[in-house]
Protein chains: 2
Amino acid sequence: MRRTKKERQQLLSETIVENPFVTDEQLATQFQVSVQTIRLDRMELAIPELRERIKDVASKTYENEVKSLPIDEVIGEIIDIELDQRALSIFDVKEEHVFQRNGIARGHHLFAQANSLAVAVINDELALTVHANITFVQPVHAGDRVITKATVVERDEVKQRTKIEVVSTVNGETVFAGEFDMYRTKG
Amino acid sequence: MRRTKKERQQLLSETIVENPFVTDEQLATQFQVSVQTIRLDRMELAIPELRERIKDVASKTYENEVKSLPIDEVIGEIIDIELDQRALSIFDVKEEHVFQRNGIARGHHLFAQANSLAVAVINDELALTVHANITFVQPVHAGDRVITKATVVERDEVKQRTKIEVVSTVNGETVFAGEFDMYRTKG
DNA sequence: TTGTTATTAGCACTTGGTACTAACATCAGT
DNA sequence: ACTGATGTTAGTACCAAGTGCTAATAACAA
């Protein structure tokens, strides 16, 4: 045995999770065992055959097509909202959001969270950012949990504008602040 | 013939686009023709077999998983740059960048392009956005090609600040403008 | 030595096809 | 009515990537 059965099965699981498009034959070559052994392994691990795996991936896309887009509309997770008044969202900064060089979050992610919260708080189908004045007060790092609060401070129904103040904090400290001028269709 | 060949093939295309998981046999039943006819139809229409269709759907998910997460790396393609002076980038707005509801590009994508260009133009390892004053002049839609120009307008070596003006245009018309205040380590 | 577990081999069968050949059916034009 | 083009159906051999099953062999431990 090149490896123990357990080891092989562990690696097998990982390999298939990583790349569901791999055939039993490819796996057999990779692990230097027979195709039959791979099949037995899949049985024991209750891993479906290639075609089923691919179908699963594909059908999940089809489900997600309806679900993931609306979720995507907001950067960060909204945890509280009172339309036309205030809203609160959380955004966990991960490795993929920071500059590799210095580990500091890229500005546009903080902006994205703030901006989408500003859009979300407005009780209207159409809300667009017209103007924004923003300040990056302190650098944010991977692992930080950014809590962002948007507050509607002014509403001009004639001009169809709404002014929103947004403040983002990490551990109570302000890291980002901005004033957003939003346009809306319904006054 | 229940329908003409053309009609059937038209419906066939639509059916498969709508539900790529349908087999030739199901299609044959649905259109009251033989499986062979369906196969010939697929040939003429260059529609791949079920398994290939499913694989396509599945692999697109896998591509997207890599593509959709990086709202991070370089937003837009930098086509010209003179460090500490000016830079130019192009960003093609696609379906995934706009609000489903109204087809207008979400503000943070335009901001992201402008912001990363501002970061890129600075000849320094560490460049951070401190403050930004931005205006979304006109809505941008899917299919638009946004050309963004960043120009360094002021540099304070003592305060380690650099002021950059950014203007984004679509077909020569300004759609976004901003002033970015950047911090840098090397004066 | 015997028993257990692990591995390999081989065969028949399945799905959803491809590739190819051949037989018909239908209708249009002359 | 005959010919030809087009459309449809049938049938065969073959393929990939399996399942399900039986049987042989290897490795090791008690």
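Order of the sequence lines fixes the chain letters, A, B, ..., with proteins taken first and strands second; residue numbering starts at 1 for each chain.
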**Asked** In whole angstrom, what separates B:E52's CD from C:dT18's C1'?
**Response** 12 Å
**Asked** Can you check the A:I47 CD1 to D:dG18 P distance for me, whole Å?
**Response** 12 Å
**Prompt:** Roughly how many Å is it from NZ in B:K5 to P in C:dC27, rounded to a whole number?
**Reply:** 16 Å
**Message:** Holding to side-chain contact (heavy atoms from CB on, under 4.5 Å), I want the full list of residues that pass it with B:K94, two or more places apart in sequence or in another chain.
**Reply:** B:E96, B:H97
**Residues in salt bridge (charged side-chain N to carboxylate O under 4.0 Å, His left out) contact with B:E44, at least two apart in sequence or another chain** = B:K5
**Asked** Do B:T148 and B:Q113 meet the criterion of a side-chain donor-acceptor pair at a distance under 3.5 Å?
**Response** yes
**Request:** Round to the nearest Å and state the distance from A:D41 atom CG to C:dT5 atom P.
**Result:** 16 Å
**Request:** May I ask you to test the A:I81-A:L88 pair for a side-chain heavy-atom distance under 4.5 Å?
**Result:** no
**Item:** Any A:S34 side-chain N or O less than 4.0 Å from OP1/OP2 of C:dT8
**Value:** yes
**Prompt:** Starting at CZ of B:R53 and ending at C1' of C:dT18, how long is that distance when rounded to a whole Å?
**Reply:** 14 Å
Please write out the pairs of protein N or O atoms and N or O atoms of nucleotides 10-16 of chain C separated by less than 3.5 Å, giving the distance to one decimal.
{"residue": "C:dT15", "atom": "O2", "partner": "B:R51", "partner atom": "NH2", "Å": "2.5"}
{"residue": "C:dG16", "atom": "O4'", "partner": "B:R51", "partner atom": "NH2", "Å": "3.1"}
{"residue": "C:dG16", "atom": "N2", "partner": "B:R51", "partner atom": "NH1", "Å": "3.1"}
{"residue": "C:dG16", "atom": "N3", "partner": "B:R51", "partner atom": "NH1", "Å": "2.9"}
{"residue": "C:dG16", "atom": "N3", "partner": "B:R51", "partner atom": "NH2", "Å": "3.4"}

**Request:** Would you tell me if any nitrogen or oxygen in the side chain of A:R42 comes within less than 4.0 Å of OP1 or OP2 on D:dT19?
**Result:** yes
**Item:** Separation of C:dC20 P from B:L40 CG (nearest whole Å)
**Value:** 13 Å
**Request:** Not counting sequence neighbours, which residues clear side-chain hydrogen bond (donor to acceptor under 3.5 Å, both in side chains) with A:E95? List them please.
**Result:** none
**Request:** Return the nearest nucleotide to the side chain of A:R8; candidates are D:dT8, C:dT7, C:dT8.
**Result:** C:dT7
**Request:** Rounded off to whole Å, could you give me the CZ-to-C1' distance for the B:F31 and D:dT8 pair?
**Result:** 16 Å
**Message:** Could you work out, with ring-ring contact (aromatic ring centres under 6.0 Å, His included) as the rule, every residue matching A:F180, not counting sequence neighbours?
**Reply:** A:F111
**Prompt:** In whole Å, what is the span from the CG atom of B:L27 to the P atom of D:dT9?
**Reply:** 14 Å
**Pairs satisfying salt bridge (charged side-chain N to carboxylate O under 4.0 Å, His left out), at least one member in residues 131-151 of chain A, at least two apart** = A:D92-A:R145
